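Heads up: the structure comes next, in C-alpha cells.
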Amino acid sequence: MASSVVVDFPKNFANALSNPQLRRNLRAAMDTLGMRRRAIFSDKDAFEALRAQGDAIRQRSLRQLPQLLEQLEKKCTENGIQVHWAETTTEASQICLSIIQSHHATRVIKGKSMVSEEMHLNHVLEEHGIEALETDLGEYIIQLDHETPSHIIVPAIHKNRDQIARLFHDKIPNTPYTEVVEELNAIARKVLREKFCAGEVGVSGVNFAVAETGTLCLVENEGNGRMCTTAPPVHIAVMGLEKVVERLTDVPPLLRLLTGSATGQLITTYFNMITSPRKSGEKDGPKEVHLVLLDNGRSKILADPELRQTLKCIRCGACLNHCPVYTRLGGHAYGYVYPGPIGSILTPQIEGLENAGAMASASTLCGACEEVCPVKIPITHILRRLRNESYSKTDSPNAVKGHGYKSNLAESLTWKGWALTNSAPWANVLNAKLLGLLGSQLTKLSKVELVKNWTQVRTMPKFASKSLHALAKEKGISDE
Amino acid sequence: MPTRPQKVYYFGTCLIDLCYPQAGMAGIELIQREGIEVIFPQQQSCCGQPAYNAGFPEETRKVARQQLKAFPHDYPIVVPSGSCGGMLKHHYPRLFANEPEAAEAQRFASRVIELTEFLVTVLDIKLEDRGQPIKVTWHSSCSALREMGVIEYSKSLIRQLQNVELIELQRERECCGFGGTFSVKQPDISSAMVSDKVSDIAQTGAARVLSGDCGCLMNIGGALEYRNIAIPAQHLAEFIWERTHG
Ligand code: SF4
C-alpha cells in the first residue's frame, strides 16, 4: 500500500483470526515448509557454519555498498546492461513505464518480484493501458483473484487446492472444474505459454547482483523467470539496492542458504545468471536489458549500524514460516507488501512508524525468526528498537521515520511510575507490581480493558497471600 | 563440571514473588538440600523485562541498576526462570553497553545461571522420586529454549523421576502467546496462540503441564482453567520438590 493508505491493524488481525479456512491453510503450509527446511539443514553445525558465512558476506556487502553499487553500474554498463537509479517507488515505476512505452509495448510478462510489488508496478502499468501478466504460478493465481501476495516466497500460500480449483474454473474461460494438481498445472501452463509468446517486455526481480562481474542472479523453480528474461526483446530487472554482493564466489553460499531456508531445496530447478543482452551472433536473449535500482528509504536504513542489519535480508521467507503470529494471520492482515517478521522490521522503517509502527508490536519476541534467519538478522532487537523509537523523539539523523509518534501517550508516563516502584528499595506495592507484570500502564488500555483483554480466554491470575520476599524472610533465608 | 560454590544468590523474579512464591521457595529448598547456602537479597525487585520489551530502555535501566546493586558479591545468581534469566544474562550487557555500569553489568551477567542448568551442570543433582505415577507434559518457554538453551537440563530432571512419564507436545517449540505486554496489547493474536497451546496440552492426556517460566504458566494455566480443563500448570521446581522431599 502507499503510505497514504491507513491500515486498520486490529480489524485486519481479528478478521484473519476468525477465518478458520485461512488458519488451516496457513498451518498446513507452514508446517510443510518448516519440515522441509529442517530436513535440509539437519546438520546443525554445518548450518551454523554456513549461516555465519552468509552473515559475513552480507555484512561485507553492506559495509561497502556505495562502492559496490558503482562497480555494479560500471560493469553492467560495460556489458551492455542499462542501469537506472530510482529514489522512490514512483520514480522506479516511471522508469519502467517509459522504457515500456518507448517500445510501444502493451503486454508485459512478469516473473516474481517483491520489489515490483513494493513499487505497485502492475497498478501503474494498468493505469497506462499496459497489461502486466504474472507468470509465476502463485502470482498468477492471486492476480486472477485480484489479490496481493500473502507471502514473499509463496504468494498464494493462503489458498488451498480446492480454492484454486474453483478460481480457475470461475475465471479462466472454458475450464472444467478439477482438483487434480497436475491438471491445474496444465491449465495454468497453457494460459501462460500463450502469454509468453505474446509478451513484448519481460520484467523480473533480482536475487543477487554481483558487482565484480555485473551479473544479475535469479532463483526460481518454474522456468517462467527464464522465459520472462529471455523470450521478449526487452528485459527490465528491478532490484532493491541492498541486493548487491561483491564477488561471484559470494553467490554459492547465499544461494544454498536461500533455497534451503525458503523451500528446503538444495538448489532450485532454475538459476539464471544474466550478464548482458543478446550479443551479435547469438540466437536468443533480449536485445535490451535494463536494471532499475530502487532505494525507497534503504540508504537511510544503511546509515544506522543496528538498523542496517535489516538490509542483510535475502528474502527467503523462513522467518514468516516459523513465526507463530504470521502462521495465524497470513500476510494480508499486515496490510503492507512485506509481512511477518521481516515485514515488521522493514516496513515501519520505510513507511514510517506513524503508519506501520503497530507491526512492531505484533510479536511476542519469541525469537523463532532469528533462530532460522540464514543471515542472522537480530529481528527481536530491531523490534525493540522500533518500539522504543515509537515513544522517543530524538535528534539523531538515523532516527526511524515517524519516531516519537506515541511520545505523548500515557504509556510513557506509567512506565516511569513502574520504574519508580521497582527501583525503590523493596516495597510490597502489590497493585503497582501487577501493573508492571501485565503492562497495564498501557497506552489506551484502562484497567478495565486490560482485564477484558486478558480474560478473553483466560482466568485472572491469583495473587499469593505472601510474597516470596515475605516467605524467604519467614524461613530465615539470609539476606546478607 | 564447574566448581560447586558454597553460596549462591537467588533472584526470585517479580512474577514468582507475586503469584508463585511456592515455586520460588521450592527452588531455594532444592539448592539448600544439596548443601549450598542460598542468599535472597530483600532489595531485589524486577529484572526490567516488561519495560525493556515495551520499548522503554531508560526506565528499564533505572530498575536494572537496582538489581546490579542488590547482588554485590561474586556468587552465582540462580534464577528460576529462563525469561528473567535471559534478560539478566543477555540483555543487561546490551542495556548498559554505553553506560558507566558497562563492566559491572558484564560481570553481573556472567554470574547468572538458570535454576535447572545450575542443578544439573553445577550440582549434578540426583533425584529420588517418592510420588505416585503420573503423566506430565512440558512447555518450553521461548527464552529458556532460545536465549538460555536450558531445555535439555529441565527435561533431564523430569526424566530422573522414575514414576513420571513425560509426554511431549506436538509443538513444543512454539510460543504460548504470552509475550508480557503482548498478551494485552494484541489480545486477539495472543488468545489464538494460547488456545492452540492448550489444545496441544489437552491432547497429550497428561495430568499436569510443567514449565520453567511463570509467565507462560500464568498464561497457559489461566487458559486451561478458562476452558475447564483440569490440568494444573506448575513450575518444574515446585513439582520436583513436592515429589522428592520428606
Ligand atoms: S529476515 Fe532472515 S529469515 Fe526473514 S526473509 Fe530475510 S533472510 Fe529470510
Side-chain angles (χ1 to χ4, degrees), chain A residues 10 13-14 17 324-325 328-329 361-368 370-371 384 386-391 411-412 415-416 418-419 422-423 425-426 430 433-434 436-440 442 445 450 453-464 466-469 471-473 475 477-480, chain B residues 12 14-22 24-25 28 37-46 48 50-57 59-60 62-63 65-66 73 142-143 146-147 173-175 177-189 191-195 218-219 222-223 225-226:
Chain A
F13 293 169
L17 290 166
V325 174
R328 287 175 178 80
L329 296 176
S361 77
S363 163
T364 62
L365 306 178
C366 77
E370 276 172 11
E371 189 178 26
R384 281 192 199 91
L386 296 175
R387 291 177 182 186
N388 175 224
E389 292 216 3
S390 301
Y391 298 102
E411 182 170 4
S412 312
W415 281 115
K416 287 194 188 0
W418 167 89
N422 280 285
S423 55
W426 178 258
L430 264 188
K433 301 245 153 220
L434 169 70
L437 287 184
L438 277 182
S440 75
L442 293 179
L445 286 184
L450 172 86
N453 288 354
W454 176 263
T455 54
Q456 202 169 312
V457 295
R458 311 169 189 86
T459 56
M460 275 305 277
K462 289 162 202 65
F463 293 99
K466 258 182 211 161
S467 69
L468 181 61
H469 278 75
L471 269 185
K473 210 174 220 166
K475 299 235 174 181
I477 309 293
S478 155
D479 169 32
E480 201 154 279
Chain B
C14 62
L15 191 42
I16 282 186
D17 198 48
L18 273 181
C19 299
Y20 303 91
Q22 295 303 339
M25 269 318 296
I28 294 179
E37 189 188 336
V38 177
I39 302 160
F40 184 91
Q42 288 285 332
Q43 298 293 311
Q44 64 181 285
S45 59
C46 169
Y52 183 66
N53 284 349
F56 292 86
E59 287 72 11
T60 309
K62 282 197 186 115
V63 172
R65 280 195 186 100
Q66 175 66 21
H73 301 296
C142 297
S143 18
R146 303 199 175 90
E147 233 165 42
R173 299 177 66 83
E174 189 173 84
C175 178
F178 177 57
T181 54
F182 172 84
S183 60
V184 285
K185 278 189 175 181
Q186 296 289 354
D188 294 339
I189 309 175
S191 295
M193 288 168 73
V194 73
S195 300
M218 186 166 86
N219 185 39
E225 203 174 76
Y226 186 88

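Please read all numbers here as calculations on a predicted model, not as lab measurements. Letters go in sequence order (proteins before strands), and every chain restarts at 1.
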Whatever's closer than 4.5 Å to a heavy atom in chain A on E225(B) counts as both

Check your understanding: Looking only at atom types and distance, does a side-chain atom of H469(A) sit under 3.5 Å from a main-chain N or O of Q44(B), one as donor and one as acceptor?
Key -> yes

Note: vs chain B, highest number of non-hydrogen pairs under 4.5 angstrom among L386(A), T455(A), I477(A), T364(A) is T364(A)

Rounding to 0.5 Å, atoms CE (M218(B)) and CE (M460(A)) come to a distance of 8.5 Å

Given L365(A), V457(A), V325(A), the one with more heavy-atom pairs under 4.5 angstrom with chain B than any other is V457(A)

For Q43(B) and D479(A), what are the C-alpha separation, side-chain angles and deciding distance, and is it a side-chain hydrogen bond (donor to acceptor under 3.5 Å, both in side chains)?
CA-CA 9 Å; Q43(B) 298 293 311; D479(A) 169 32; 5.9 Å; no

Of R387(A), R384(A), K466(A), the largest count of non-hydrogen pairs under 4.5 angstrom with chain B goes to R384(A)

Requested in this report: Taking atom NZ of K473(A) as the centre, report whether more than 12 heavy atoms of other residues, nucleotides or ligands fall under 6.0 Å from it.
Outcome: no

In terms of heavy-atom pairs under 4.5 Å with chain B, the winner among P10(A), S363(A), A14(A) is S363(A)

Rounded to the nearest 0.5 Å, the CG atom of L471(A) sits from the CD1 atom of I16(B) at a distance of 11.5 Å

Quiz item: Quick one: does Y52(B)'s side chain get under 4.5 Å of N388(A)'s, heavy atoms only?
Solution: no

So, the part of L329(A) with a heavy atom under 4.5 Å from chain B: the answer is side chain

Hey, what's the ring geometry for F56(B) with Y391(A), parallel, tilted or perpendicular (30° and 60° as the breaks)? tilted

OG of S183(B) to CD of Q456(A), rounded to nearest 0.5 Å, is 11.0 Å

Review point. So does E370(A) pair up with R146(B), basic N to acidic O under 4.0 Å?
Key: no

Looking only at V194(B), I39(B), T60(B), the option with the highest number of non-hydrogen pairs under 4.5 Å against chain A is I39(B)

So, the part of S191(B) with a heavy atom under 4.5 Å from chain A: the answer is both

If one checks every heavy atom of R173(B) against chain A at 4.5 Å, the contacting part turns out to be side chain

Taking every heavy atom of A362(A) against every heavy atom of F182(B), the minimum-distance pair comes out as C-CE1, 3.9 Å

Rounded to the nearest 0.5 angstrom, the CD-OG distance for Q42(B) and S478(A) is 10.0 Å

Residue from P57(B), S143(B), P187(B) scoring the most non-hydrogen pairs under 4.5 Å with chain A is P187(B)

Between S467(A) and P21(B), the two heavy atoms sitting closest are C-CB, 4.0 Å

Okay, I189(B) and chain A: the region with an atom under 4.5 Å from a heavy atom over there is both

Heavy-atom nearest pair, F40(B) first then L468(A), reads CE1-CD2, 3.6 Å

